[in-house]
Visitor: 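Have a look at this one before I ask anything.
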Amino acid sequence: MERREFLKKAGIGAAAVAATAVGAPAVIAQKKYNWKMVTTWPPKLPVLQDGAERFAKRIAELTEGRIKIQVFAGGELVPPLGVFDAVSAGTVECGTGAAYYWAGKNPATQWFSAVPFGLNAQGMAAWFHGANGLKLWEETYAPFNLVPRPGGSTGVQMGGWFNKKINSLDDYKGLKMRIPGLGGKVVAGAGGTVVLTAGGEIFTNLERGVIDATEWVGPMHDLRMGFYQAAKYYYYPGWHEPGTYLEFMFNKKVYDGLPKDLQAIIDMACVENEMWTLSQFESQNGAALQTLITKHNVELIKFPDDVMAGLKKLSVDIVEAEAAKDPMAKKVHEDFKAFQKVIGTWGAISERAYYNDIVEKYALKA
Ligand code: CA
């Protein structure tokens, strides 16, 4: 007997059928997912690798075990810079890192992580969640079968550790510095020699004079690296990485294949991690900086204004040239630039005025 015919004969109406259909998913055994996540970070790296581990734990809690993620640090399953390809190919379901590592895939990726003299963490979050940032990021990653999500920010980084003073832009001439990405291109534009060094070798290279300077992250991570034992001067601010954003990425087929509730949980957990990460940096960097100054006698120096102005000028040309390499990069750059102008105009009378007129004058003096 046909089901419809049977129901009719049994006197069960359409409403009852609909109710059964609506209730049905609850009794169907829920599918379980076992995922692997690869990261670009060394094992146990505070906040960053910790954040990936924390994310996996939260996902297991929030989904009541429906999604379990096993996390692999850089090199444990794939090389640190193999994350993008591994998730793109579906070798693993998800990964985490920073989008500027993938400039070779498309130069547009860099805008989703750090642009010299670009947006700070607050501005980046506003661009992603309040404007076009995340939509453009999704558009950039879609051809690679990837879904990106903002994963947190380091906040404003430090300018770096120097064994030579930077009194004028000319002091960059011949300076050997470890500084990746667009910032490195700017330093090269100023006459410096950019040296690419793996994280584990930076300290030794700085100590032996193979390099004169290096940037890393901020006080918390820099203290841990022990750079104060190998360099004299600690410069600020980190003009090259004003609010570096981190990312989660998911294989698009895997993400699109999830039930809507699990997609929503993933999205929410990413936002939670985004807030958690920035909060760790913001709450711990200040104390680490004080330790560097008072315990390790680090000399803290602000880049002179004319050095900043010179680097800014070079940055504009370098960022424009980078944007011209690809139509997607151009599209992202134009949107970023317009957004920075708008938010900057507002920031000048909100955040900047608050810092200059309130924090500097009163809060820090209290
Ligand atoms: Ca850095």
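We count ligands from 1, going down the list as the structure has it; atoms in each ligand are counted the same way. Residue indices begin at 1 and follow the sequence shown.
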Visitor: Among K105, R149, E247, find the one that has a side-chain hydrogen bond (donor to acceptor under 3.5 Å, both in side chains) with Y141.
Guide: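 Single pass found, and it is E247.
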Visitor: Check E241 and report its N/O/S atom nearest to the Ca ion (ligand 1), by atom name.
Guide: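 Within E241, restricted to N, O or S, the Ca ion (ligand 1) is closest to atom OE2.
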Visitor: Tell me which N, O or S atom from E215 is the closest to the Ca ion (ligand 1).
Guide: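 The closest N, O or S atom of E215 to the Ca ion (ligand 1) is OE1.
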Visitor: State whether Y33 and K68 meet the cation-pi test: NZ (Lys) or CZ (Arg) under 6.0 Å from the six-membered ring centroid, and within 45° of the perpendicular axis.
Guide: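 No cation-pi geometry.
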Visitor: What angle, in degrees and rounded to 10°, do you get at the Ca ion (ligand 1) when you join it to O of W216 and to OE1 of Q157?
Guide: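 About 80° at the Ca ion (ligand 1).
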Visitor: Should the pair Y235 and F303 be assigned to parallel (<30°), tilted (30 to 60°) or perpendicular (>60°) ring geometry?
Guide: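 Taking F303 first and then Y235, their aromatic rings lie parallel (interplane angle under 30°).
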Visitor: For the aromatic rings, using the six-membered ring if either is Trp, is the centroid distance between Y245 and F128 under 6.0 Å?
Guide: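 Centroid distance Y245-F128: below 6.0 Å, so yes.
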